Amino acid sequence: MARPVQESPLIGRELELATAVESLRASDGPGALIAGSAGVGKSRLAREAVGHDAITRVRGARTLAVHGAADSAELVLGALAGLLGPPGPDQTSLSPVQVGLLGLRRIAAQEQGRVILSVDDAHLLDPVSLAVLHHAAVDRTLTLLATVRNDQSVPDAVTALWKDAGVVRIDLAPLNPLASEALLTALLGGPVEGRTLRQLRDTAAGNPLFLRELVISADEAGLLDQTGGLWRLTGPMTAVPRLTELLANRLAATCSAERDALELLAAGEPVPLRLAVALVAEDTLEALERRGLLSVSPADPPVVRLSHPLYGELLRAGTPAFGRLRHLRRLADASEPETTCSASAGCGEDRLRVARWRLDAGGPVNPQVMLAAAEQATRNREYALAYRLADRAFQAHRDVAAGLVSVRALVQLGRVGEALARCAELTKLARLAESDLDRLLVAVEHAEILVHAMDDVPAARSVVERARQDRARVTGADPTAAGDPAACPLAAFDLYLRSVQLDCTVIEPSLAVIGSDAPMPARLAASGAAGGALLVAGRYAEAEALIAHTMPLTGGNIGGSQLQAAGASPAAAALRCYRPDPAAALEFAEHGYQASLHPTNPVSQALHALVLGQIALVRGRPRTALRWAREAKLVAEEISLRPVCRWSVAVGLQAAAQLGTDADIEGLTADLHRYAGGPRSMRLFDIDVARAYAWRGAVVGDGGVGIGVLAASVAEHGRLGAVGAGALGALDLVRLGAGARAVTLLAAYPPPPGWLLGHTVVRYAAAAQAADPAGLLNVAQQFAGYGMPLHAAEAAALAEAAARTGVATRDRAPGSAGGDPAVAAGAHLLAEVQLVSTGEPASTPALRRRGPVSQLTTREWEVALAAARGESARGIASRLHLSERTVENHLHRAYAKLGVSGRAELRAALGPHGGSARRG
């Protein structure tokens, strides 16, 4: 990677910087004191403050700097000595404080202007120096800017600076999560994959210095890689040498008992308070807490943790292997008698904690305890731990339940080959099992991996069919009967397999299963079948009600159908987007995405990133869409979800084509071929693949091949009942200039009644075919109201072209009107307003047809656009440095040229939503 910047950019400190600068500018103010913990950015903020334009522009201002240090804390005026110089012969009878104060006054008099004294680490100054600074602040000899640690003992003289001398105190808290993310992105110079961002951000705990050192250490260890434009960690950060050096003094214990206690807590954290007190002397724990090395959480029951995530990392790296084993055995031995009770509120977490300690310590284990702990780890999304625990239980006692838990964990870890091998083992065991449910669950788990990871629906159906045959052999049922989906998870899962290949006839039988008292695996499979089919059919209100009913079932599910359950939240976001309400969809999807990062759920992360990319395309932000598509592909590749790889590449290719980035288009096209689907593949997002080929063709000039692919896909979706997805494909046909084909397809396969976006697409296709300026402008206004600004700008551009030239397009109907300059100007204005609101560049066929509003001057255009956004004449005048009369004159000339009488008609031309966009 490129070496990170050597000094972190100042991010998230805007208010604190403004306060510091204002304190230094005040002519009668004593200055400011910046307080915070080590590495939080005190010194950096001080440098930014004294170097701020508002300070450097002050005539005659000069900044002097001194630094406190531990080795000079015992020397009288030690830090100030280099600034003051040796005392004069007439000062031998003066006290050290008087000598120092006179020296500062002499410096101030010599400068004949504002003197700012910057004192770094003021808490390390000797008492005499602090007294001098206090007097200098009180009598305003100079302006003081000091930094001080607030996470250790501070001398009273430092406190007196802000308490008595009037120095403004500025407390620097750790950076909030958003600021930490912005800082990390700035350090690496590009976007960061979600889990990597979360890991580094949480490990640094808001400390800018720690975050920077983590990045540099990860780089030096070869653990940072940029893939697909996203930075990510490629391995665990077990040791951070640079931070070890920085934090060594903090972790240095004064006795062996304290070091042993720290290592014990690091090995087992979090440790229940009652257990910590039982194993470590209370006075030792209290001493460590006073030094800020450990903290007690207010949880019930309370637990003890090291006070910073990095302390645990460094201590575990520095503890000898035998010492760590000793600590783990002590913790496990002392805890196990307390975890036999199944009624305690924290029993599940306690059992998991003890099982982890026992597993790491080695020795014999109880398979039932290991299995229960593995299930709890699955609930916590600690999949690596869940696999280790479940595998240990399975190896000790070859039990189907433990094997299934291990399979589900392996899938989340991307170890699909191992998961399939374990499924083969479980199939043999299940045939010997007495439980009919065991046989069914193994078959469904196996089939789910084949369809979601291997992208092979027929293979999944074969597994289901073989399981049905085995069940018939054992139960004596008719092997040719399909079975009742309400009674058999196999039959319900077969409905799901039909739905992923766009068979919308499964909706009614699936809804019947959901409303029955069928076993949970059957209802979950039926929910996935009905939800997916309703979504592609454009029946969004029904899909939303179904998902709202299903999500409580999927949220705590640790059994079968976890891959289907992971899709519930992304599906809920997608349907909100296309209802259409992309703003609400974005909020919902971002919430789900963040929840997928902590605790980690990579399947959910990949699906949420995919949907965030789709939402970004609808919101007219192709650059953002490309970023999310890259993350979805990156995570899907890591966990071997082939269909999600294909769909995310398709979204990315659409975005790249709308950006016009040729290099991205070439690479994404190759990826789309690599992950190409076929007759055996999942087809839920096939329409996105066809749209990708059509958009690519518009950029590279494929002679209409991509348009043909998309039109054929729209027709096939229509024949299967997936008319919602088909209408989205028809929308892109219009955007790419094939309005006539869209009209024909939409007439044959109309969108469902009551779907606003679907019927807007129908009107859009008709208006584009007829080159109807008024109809296109009306559609543009509707898109603006939906929160789809790029679509609105494109429709307005088509309206402008039709109104300005009056020349029929390729799809224009005979006899249509054109050549209206006022409509052309209003449409151009609407397009500009909507493009500003996207905040991102775009290059699409419709936008490339726009031209300038030739009759407006540049200034008239600028003023008219500001008025359309709702700015007052006074506000426009102030911003453009004009008089209000001049602004009004520009406006009236613009109104005349646009054919409107004032702001009301201007807004009417833009529509109810067209002029409300904020400036980008």
Side-chain angles (χ1 to χ4, degrees), residues 342 348 371-372 375 378-379 400-401 404-405 407-408 426 430 433-448 451-452 460-461 463-500 503-535 537 539 541-569 571-572 575:
S342 61
L371 176 56
E375 291 172 340
T378 302
R379 289 188 187 91
V400 170
L404 285 172
V405 174
V407 166
R408 293 162 191 148
L426 294 178
E434 295 181 2
S435 168
D436 184 38
L437 186 59
D438 276 353
R439 288 188 290 272
L440 300 179
L441 291 178
V442 170
V444 169
E445 201 69 48
H446 190 180
E448 195 172 14
V451 66
H452 289 111
R461 278 190 168 150
V463 167
V464 171
E465 181 57 33
R466 283 197 301 271
R468 182 183 289 123
Q469 296 285 342
D470 287 344
R471 184 171 186 263
R473 176 177 52 79
V474 173
T475 62
D478 180 2
T480 62
D484 179 7
C488 177
L490 292 177
F493 193 75
D494 190 61
L495 292 174
Y496 177 73
L497 292 177
R498 288 165 55 191
S499 75
V500 300
D503 182 354
C504 293
T505 64
V506 304
I507 293 175
E508 301 310 322
S510 298
L511 292 175
V513 176
I514 297 166
S516 71
D517 58 355
M520 179 63 72
R523 283 189 286 156
L524 286 173
S527 297
L534 287 169
L535 201 62
R539 293 161 60 176
E542 296 170 78
E544 186 168 23
L546 172 63
I547 292 174
H549 171 76
T550 304
M551 283 187 70
L553 303 178
T554 63
N557 175 48
I558 63 166
S561 301
Q562 285 189 38
L563 292 175
Q564 296 173 61
S569 174
L575 66 87

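If you're wondering where the values come from, they're calculated on a predicted model, not measured in any experiment. Just so you know, residue 1 is the first one in the sequence shown, and it goes up from there.
- Legend: residues meeting side chain to side chain donor-acceptor pair (under 3.5 Å) with Arg498, ordered by chain and number and at least two apart, are Asp503, Thr505.
- Partners of Ser569 under the side chain to side chain donor-acceptor pair (under 3.5 Å) rule, at least two apart in sequence or in another chain, are His608.
- In this structure the side chain of Val444 never reaches within 4.5 angstrom of the side chain of Leu441, judged on heavy atoms.
- Across every non-hydrogen atom of Ser499 and Val506, the tightest pair is CB-CG2, 3.7 Å.
- Counting heavy atoms from C-beta outward, Thr378 and Arg408 have side chains that stay 4.5 Å or more apart.
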Can you list, pair by pair, the side-chain donor-acceptor contacts under 3.5 Å of residues 521-533, counting residues two or more places apart and other chains?
| from | atom 1 | to | atom 2 | distance (Å) |
| --- | --- | --- | --- | --- |
| Arg523 | NE | Ala518 | O | 3.1 |
| Ser527 | OG | Arg523 | O | 2.8 |
| Ser527 | OG | Thr550 | OG1 | 3.4 |

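- Evaluation of the side chain to side chain contact (heavy atoms under 4.5 Å, CB included) rule for Ala443 yields Val463, Ala467, Leu490 as partners, not counting sequence neighbours.
- For the atom pair CG (Leu440) and CD (Glu445), the distance works out to 12.5 Å, reported to the nearest 0.5 Å.
- Between Glu375 and Arg379 the shortest side-chain heavy-atom distance falls below 4.5 Å.
- Residues Ile507 and Arg539 form a side-chain contact, since some pair of their non-hydrogen atoms from C-beta on lies under 4.5 Å apart.
- In this structure Leu575 satisfies the side chain to side chain contact (heavy atoms under 4.5 Å, CB included) test together with Leu535, Tyr540, Ala543, Glu544, Ile547, Arg579, sequence neighbours excluded.
- Contacts of His452 classified as side chain to side chain donor-acceptor pair (under 3.5 Å), with partners at least two apart in sequence or in another chain: Tyr496.
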